[in-house]
Amino acid sequence: MRKEYRNDGADRSEDLSPNAIPTNDMTATSSPATQGLISTVTQAEVDHAQQQLEADQTRADKPINKYKLYFRRFMRNKVAVVGAVIFILLALLAIFGKFTAKYAFDEADFTALGMPPSPDHWFGTSSSGNDLYAMVIHGLGRSLTIALTVSIATTAISAVVGTTAALLGGRPERVILGIIHFLLVIPSFLIIALLVSGSGGDWKLLIVVLIAFGWMYYARIIWSMSISVREREYIKAARYMGVSNTKIVLKHLVPNIGSLLVINLTLGVVSAVMSETGLSFLGLGVKIPDVSLGTLLSTGASALMSSPWEFYFPAAALTLLTVSMAFIADGLRDALDPNSAAAGKA
């Protein structure tokens, strides 16, 4: 028996032992079963499979939109998703809940004074006969309006002041930081209480005062974050090209700390809600005939033993609001932080 070797023209053969046993060809083309399977595959199917592989490779090579990436990372945090659902439901209740209430928040039912929850009054009534369900809806909307307005305004002011101080440097930076540190050490709560005590419960004045004394802490944080950003090459290049400081702040510094601003905005809602609730609870914020969650807690606390529902329903709404915003802030921090392991991989 002879065995032949073929190697790019360098063919050779050799004699084998007469007792050698020939080996079988184990390739797919030598098997009758696989030959039947291969023959059933059409050229169209092969082309379709190849096109599908090319499409999958194209999608894999295409970069993911950063907002889609943030959304995916946020949705992996189940606690944050639960917080977002709760907040959306509370916002919808505050906006459209008045259409489901049988009474207006300032309408008294003198036939049901201090009544517990019933089919006619779902959350019961206050000692003056007002429907507590309608009052909680209106108070939730008023507290949300104040909190969102204060949080957005304080975040914007702190972003501009903090980044401007970091960009200017030198004496202007020291002056701005001196003003911030001075405002941080004064007892702002007492000043706010004095300013709003004689306003008659005007919630618009309360918003202005909370904004005026609520931006300093976040401005200090943003300044510390902006110090490293101002040393980057594109900031130096923009200044070398004569770009104004206003454009550098608004187009370069602020967008590069956007993730921090989003988190501060979310946590600012919680802080503003607690400030408004505390002032209203002490009788220094929103006052009757207007109501907020703090006003309802104040009146409910005085009737806790005789009418506990007047306290527990507003307290539940306030707890759900603050806890949901805290969950959302935690999820946003993990989603926007590229070094966070809690949100997983992209």
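When reading the values below, keep in mind they use all heavy atoms of this one structure, side chains included, and skip hydrogens, waters and symmetry mates.
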Give the cluster check for [X] versus [Y]: same hydrophobic cluster or not, with ILVMFWY residues linked at side-chain heavy-atom distances below 4.5 Å.
{"X": "Ile221", "Y": "Val160", "result": "no"}
{"X": "Leu205", "Y": "Leu279", "result": "yes"}
{"X": "Ile176", "Y": "Ile179", "result": "yes"}
{"X": "Met115", "Y": "Leu113", "result": "no"}
{"X": "Ile157", "Y": "Val150", "result": "yes"}

Short N-O contact, Arg142 and Asp290, less than 4.0 angstrom: yes

Test log, rule side chain to side chain contact (heavy atoms under 4.5 Å, CB included), inputs Ile180 and Trp215: CA-CA 9 Å; Ile180 292 175; Trp215 60 270; 3.9 Å; yes

Nearest 0.5 angstrom please: [X] [atom1] to [Y] [atom2], how far?
{"X": "Ile207", "Y": "Ile146", "atom1": "CD1", "atom2": "CD1", "value": "5.5 Å"}
{"X": "Asn245", "Y": "Leu253", "atom1": "CG", "atom2": "CG", "value": "9.5 Å"}
{"X": "Arg230", "Y": "Leu167", "atom1": "CZ", "atom2": "CG", "value": "8.0 Å"}

Under a plain distance cut-off of 3.5 Å, with no hydrogens placed, do [Y] and [X] share a side-chain donor-acceptor pair?
{"X": "Asn130", "Y": "Ser128", "value": "yes"}
{"X": "Ser158", "Y": "Tyr217", "value": "no"}
{"X": "Glu310", "Y": "Ser126", "value": "no"}
{"X": "Trp203", "Y": "Glu276", "value": "no"}

Would you list the atom pairs, donor with acceptor, under 3.5 Å between side chains in residues 314-324 and any protein atom, with sequence neighbours excluded?
residue, atom, partner, partner atom, Å
Thr319, OG1, Ala315, O, 2.8
Thr322, OG1, Leu318, O, 3.0
Thr322, OG1, Thr319, O, 3.2
Ser324, OG, Leu320, O, 2.9
Ser324, OG, Leu321, O, 2.8

Ring pair (Phe, Tyr, Trp, His ring centres under 6.0 Å) against Phe87, all qualifying residues, sequence neighbours excluded: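 Partners of Phe87 by the ring pair (Phe, Tyr, Trp, His ring centres under 6.0 Å) criterion come out as none, since no residue qualifies.
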
Set of ring pair (Phe, Tyr, Trp, His ring centres under 6.0 Å) partners for Phe105, sequence neighbours left out: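 Ring pair (Phe, Tyr, Trp, His ring centres under 6.0 Å) check on Phe105 returns His138.
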
Non-neighbouring partners of Glu107 that pass salt bridge (Lys or Arg N to Asp or Glu O under 4.0 Å), sequence neighbours left out: none

Residues in salt bridge (Lys or Arg N to Asp or Glu O under 4.0 Å) contact with Arg220, at least two apart in sequence or another chain: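 None.
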
Greater than 12 external heavy atoms within 6.0 Å of Lys102's NZ: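 Buried by this count: over 12 neighbours within 6.0 Å.
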
Atom OH of Tyr234 with >12 non-hydrogen neighbours under 6.0 angstrom: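 Counting other residues, nucleotides and ligands, OH of Tyr234 exceeds 12 neighbours.
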
Verdict with reasoning, Val79 to Asp330, per side chain to side chain contact (heavy atoms under 4.5 Å, CB included): CA-CA 9 Å; Val79 176; Asp330 183 69; 5.8 Å; no

Members sharing Leu92's hydrophobic cluster (side chains within less than 4.5 Å):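 Ile88, Ile95, Phe96, Phe99, listed by chain and number.
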
Which atom names give the shortest non-hydrogen contact between [X] and [Y], and what distance separates them?
{"X": "Asn264", "Y": "Ser151", "answer": "O-OG, 4.3 Å"}
{"X": "Val273", "Y": "Ala147", "answer": "CG2-CB, 3.3 Å"}
{"X": "Ala153", "Y": "Ile211", "answer": "CB-CD1, 3.4 Å"}
{"X": "Ile248", "Y": "Val243", "answer": "CD1-O, 3.7 Å"}
{"X": "Val286", "Y": "Ser292", "answer": "CB-OG, 3.8 Å"}
{"X": "Trp309", "Y": "Phe313", "answer": "O-CD1, 3.2 Å"}

Whether His121 and Tyr103 hold their rings parallel, tilted or perpendicular, with breakpoints at 30° and 60°: parallel

